[in-house]
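Order of listing sets the numbers, starting from 1, for every ligand and every atom in it. Starting from 1, each residue takes its place in the sequence as its number.
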Amino acid sequence: MRNRLSLIAVLCLLIAPVAILAQSVPLAITGTLVTPQEIVPNGTILIQNGKILAAGAQVQIPQGATVVHTDGVIAPGLIDLHNHLTWNVFPRWKPNQEFGNRYDWQQKPVYNLLMSEPHYELVSDGLECEMERYAEVKAITEGETSVVGGMYAACDQGLARNLDYDAELGSKWGEIIYNVFPLTMSESDVAQAIAALNAKPRGSLLIHIAEGSPHDASAAREFSEFEGRGLLKPGVSIIHGVALTPQNFASMAKAGVGFIWSPRSNIELYGDTANVAAAKVANVVMALAPDWSPTGSDGLLGELNYASVWNGSQNPPPFTDRDLVMMATSNAAALVGLQDSIGSLTPGHAADLIVIRDTGKAHNKDAYWSLTHATPEDVDMVMIGGIATYGNPQLMRQISDSPVETLRVCGSDKNISFASEKQKQESFAETELTLGHALLEMGRKLAPLSECGN
Ligand SMILES: [Zn+2]
């Protein structure tokens, strides 16, 4: 990263100790709680030192606590188990055709020209950490507090939680291995994955399998190869699985293997998505995730929206809005063994939460509906580890006196704080400028932070 310290970064250095001190004062936020197992109207969540102390309808607020009233929906921060962060600097990729499987489009000249070559040129220019920073901010504007799929551990600056390469998390909660191509897994990769899955605490393996059309034989064959290598084990979650059969889902449920569903990217690239109705009948634990923004959603709020529209088009719809919210929170946490740390509003959990405008109220719909129909302008706050990282200026000011930058997201001003970053860096405006210039030199444009629900 650059060494230039902007005025904002200098201010961060000066004010950071005050912000850290502020975390030790208990903070009570009121609103409609989505735990996510249940809805608690007029609830309160009490936070101190980065942890949830209490959450419910009858929470005693200690003397001296900061109290912030909202009429929003307070839910666990969204957990994204399937992304490819550095690619999210690119605008939407519209190949105008459907493919058989992932190997088809990855060898197309148009993909190399528009995506792959510029991506690796940015990396060879030393901009990989700027790319990841941009992608993490994008994820946060979509209500995400945890992500996977960064390319470089050195770029983990402590903004969102990077579950797959956070060394501290790894030692506490088991290693999380994120693997894109099962066919290129060497014997030693397989041995390493099995060792992680057998370790205590148990590790996790998130792996792309059967990504393609439901009728694509080579996509389908990936599952039997994977099973043949002894990898159908608890702690494994299969990503995509468009070509999986009901029998495959039954084998996964029996083996304690989870499933990560990315409907938008599937439908845009292959014209169809996984047989999630069969996965549900088989009782496979499922999470929802956006894949990447070029063919998936900008982030998890967008993917929740997409999944809920898709769900409504099915007869009968396999999911309730509550199911979908759990797939983006508590189910996702459970798939990587973090159910005691993140993913629900439970005392002792990290204070990773979001506040969303309760748009359902006006339509006589519940808080699950508000969460599955929210767009980025409805995000009032994103808190990560007790730090108000992003949100509406008015709400942010009530919680923290950390310096912030202002972002224009879908016509609304939002504030973002970089106080949690381990090293003070350039301003976000400079990150955007640097990436924008580099992309322009290749004839490409920096993607907007948000497509605003489109
Ligand atoms: Zn992927």
R133 NZ/CZ over F418 ring centroid, <6.0 Å and within 45° of normal: yes
Of all N/O/S atoms in D291, the name of the one nearest the Zn ion (ligand 1): OD1
Close side-chain approach of I384 and V382, heavy atoms under 4.5 Å: yes
salt_bridge(R92, E268) N-O dist < 4.0 Å: yes
Nearest to the Zn ion (ligand 1) - the N/O/S atom of H82, by atom name: NE2
Heteroatom of H84 nearest to the Zn ion (ligand 1) (N, O or S, atom name): NE2
Separation between CD1 of I194 and NZ of K233, rounded to the nearest 0.5 Å: 6.0 Å
